[in-house]
Amino acid sequence: MTGRTATGHRVNPLRDPQDRRLPRIAGPCGMVIFGVTGDLSRKKVMPAIYDLANRGLLPPGFSLVGFARRDWVDQDFAQIVHDAVKSYARTEFREEVWRQLSEGFRFVPGDFADDVAFDQLRRTIEELDRVRGTDGNHAFYLSIPPRFFGEVVQQLQEHGLAHPEAERWRRVVVEKPFGHDLASARELNDTLAEVFPAESVFRIDHYLGKETVQNILAMRFANAMFEPIWNSNYVDHVQITMAEDIGIGGRAGYYDGIGAARDVIQNHLLQLMALIAMEDPTDFDAASLRIEKQKVLAAITLPKRLHLTTARGQYAAGWSGGVKVAGFHDEEGIGKRSTTETYAAIKLGIENRRWAGVPFYLRHGKRLGRRVTEVAVVFKRAPHLPFHTSATEELTQNALVVRVQPDEGLTLRFGSKVPGTSMEIRDVTMDFAYGGSFTESSPEAYERLILDVLLGDPPLFPRHEEVELSWKILDPILEHWARQDERGKSRPEPYDAGTWGPASADAMLARDGRTWRRP
Ligand code: BG6
């Protein structure tokens, strides 16, 4: 029997299992985390697992195995997860959820070269399959520096952990940095590919797990009104900003030698750019999305004169949130001569019919004025204004701003008449805010992505082709900066903490007759 909705759509009371509105619940499975003592595990991965359990999206027998070089037993590991969940989980703490989840915790001590430890890991997984019903399905989360990936995946292979029995799965989850440049990214991909087939490798770019980022595709392709103007006929330029007010914190070891471009532009910002600029996919499956993203990434070009179209900076001492903060060179673990940039801005183009001639400006910095990530699509001015010039003096360009975070939503900026008897037109905005339109709160990116790993749902995970294409874009810029350093020609320009970056970044836009937005 079928019924109809108010809009006339047919509904089947025996609900369609393909219905994407139904909660997606992972089947029997477990996860092993390498690097349980790291920041990422404690702040993101462990809390997300608890949040998924709390929302009823994990199987009842879910198991979590920690692997680290620590003299711990299962209870010590459970305590670490407990503290992480208490401090960082999004949803409320419920004893009964915790009790059930923590019964599936195990800890295996050992280092990555330790064959005995990997044998114990295999026995632990077999025991979990028996007592928790994880059924031979396990994900290995490598929350460890990439230089250890090769050793760990080889160990998984040698100890019979990498390859599942029929109808079961084994997956590996890796975090950025996916290499240091194109050559090292290729090496890393080869290392993973020696053991795991491409469809079993899940690369986390947590920006793709954010609701607002996924919504870019919904906005563009579920509506009729944006696409007709989404091209070089109407768009003047695009600004993609990821500003942070924090400094490098305790991450000097990771950050020094990496810098803003590798840390964020190579992955998060180029993925945002791909979603904004790609053509519509034929379907929403992983293969169709990747084809379109790869096409647009392959069409991205760099302008010729990199000294004029890129900018880099380093934060100096200043103020952040009313507190005096140290400059980059005074952060613990950073040498006085470090040339690692904490701010990077670059100008890119796209050589295709839709975007030829439209500049995309990408910038990211630490210790800027406030934390904000947004994509602003700035439109050309109206071809003709039938008003006295004084009436439109304060009118700027129309813009559609995707507010990725915080204050998630969309803003449309356009001109409107100021009420009164005279004629004056000024900018106004029309806003969509998640809080105002939906009662559901957004899950953390890691909840979504970990659930997708357990479900084997790949659309939100970049493939190695995308990673390599992104490095191809960035490598010439990094090489250019390295040459400048070697020749002592220029260094990252200092900017005061709490400001909006170095003057050279402003000059870069001024050359094109534009200014950065001050979000
Ligand atoms: C990470 C970077 O990928 O993203 C960090 O390595 C950065 O340097 C972080 O602070 C920001 O993430 P979010 O979700 O807070 O914008």
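Counting convention: from 1, in listed order, for ligands and their atoms alike.
Checking Lys366, Gln405, Met242, His268 against atom 3 (O) of ligand 1, the nearest heavy atom belongs to His268.
More than 12 non-hydrogen atoms from other residues, nucleotides or ligands lie less than 6.0 angstrom from NZ of Lys324.
Contacts between Tyr255 and ligand 1, counted as non-hydrogen atom pairs separated by less than 4.0 Å, are absent for every part of the residue.
The nearest protein atom to atom 12 (O) of ligand 1, hydrogens excluded, is given as His206 NE2, 3.2 Å; this is a heavy-atom distance. In terms of protein heavy-atom proximity, atom 16 (O) of ligand 1 is closest to Tyr207 OH, 2.5 Å. Protein heavy atom nearest atom 15 (O) of ligand 1, with residue, atom name and distance: Arg371 NH2, 3.3 Å. When hydrogens are left out, the protein atom nearest atom 5 (C) of ligand 1 is Arg251 NH1, 3.4 Å; that is the closest non-hydrogen contact. Among protein heavy atoms, atom 6 (O) of ligand 1 sits closest to Asp263 OD1, 2.6 Å. Annotation: atom 14 (O) of ligand 1 to nearest protein heavy atom, Lys210 NZ, 2.6 Å. Protein heavy atom closest to atom 9 (C) of ligand 1, with residue, atom name and distance, is Glu244 OE2, 3.9 Å.
For the pair Pro406 and Val372, the tightest heavy-atom approach, listed with the atom from each and the gap, is CD-CA, 3.9 Å.
A salt bridge links Asp263 with Lys176: the distance from a Lys NZ or Arg NE/NH1/NH2 to an Asp or Glu carboxylate oxygen falls below 4.0 Å.
Checked against ring pair (Phe, Tyr, Trp, His ring centres under 6.0 Å), Phe461 has the following partners two or more places apart in sequence or in another chain: Phe202.
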Requested in this report: Test side-chain contact (heavy atoms from CB on, under 4.5 Å) on Glu493 and Tyr495 and set out the steps.
Outcome: CA-CA 7 Å; Glu493 185 190 345; Tyr495 58 95; over 6 Å; no
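Using modelled atom types and a 3.5 Å distance limit, the side chains of Thr212 and Asn215 yield no donor-acceptor pair.
Under a cutoff of 6.0 Å and an axis angle of 45°, Arg518 and Trp516 do not form a cation-pi pair.
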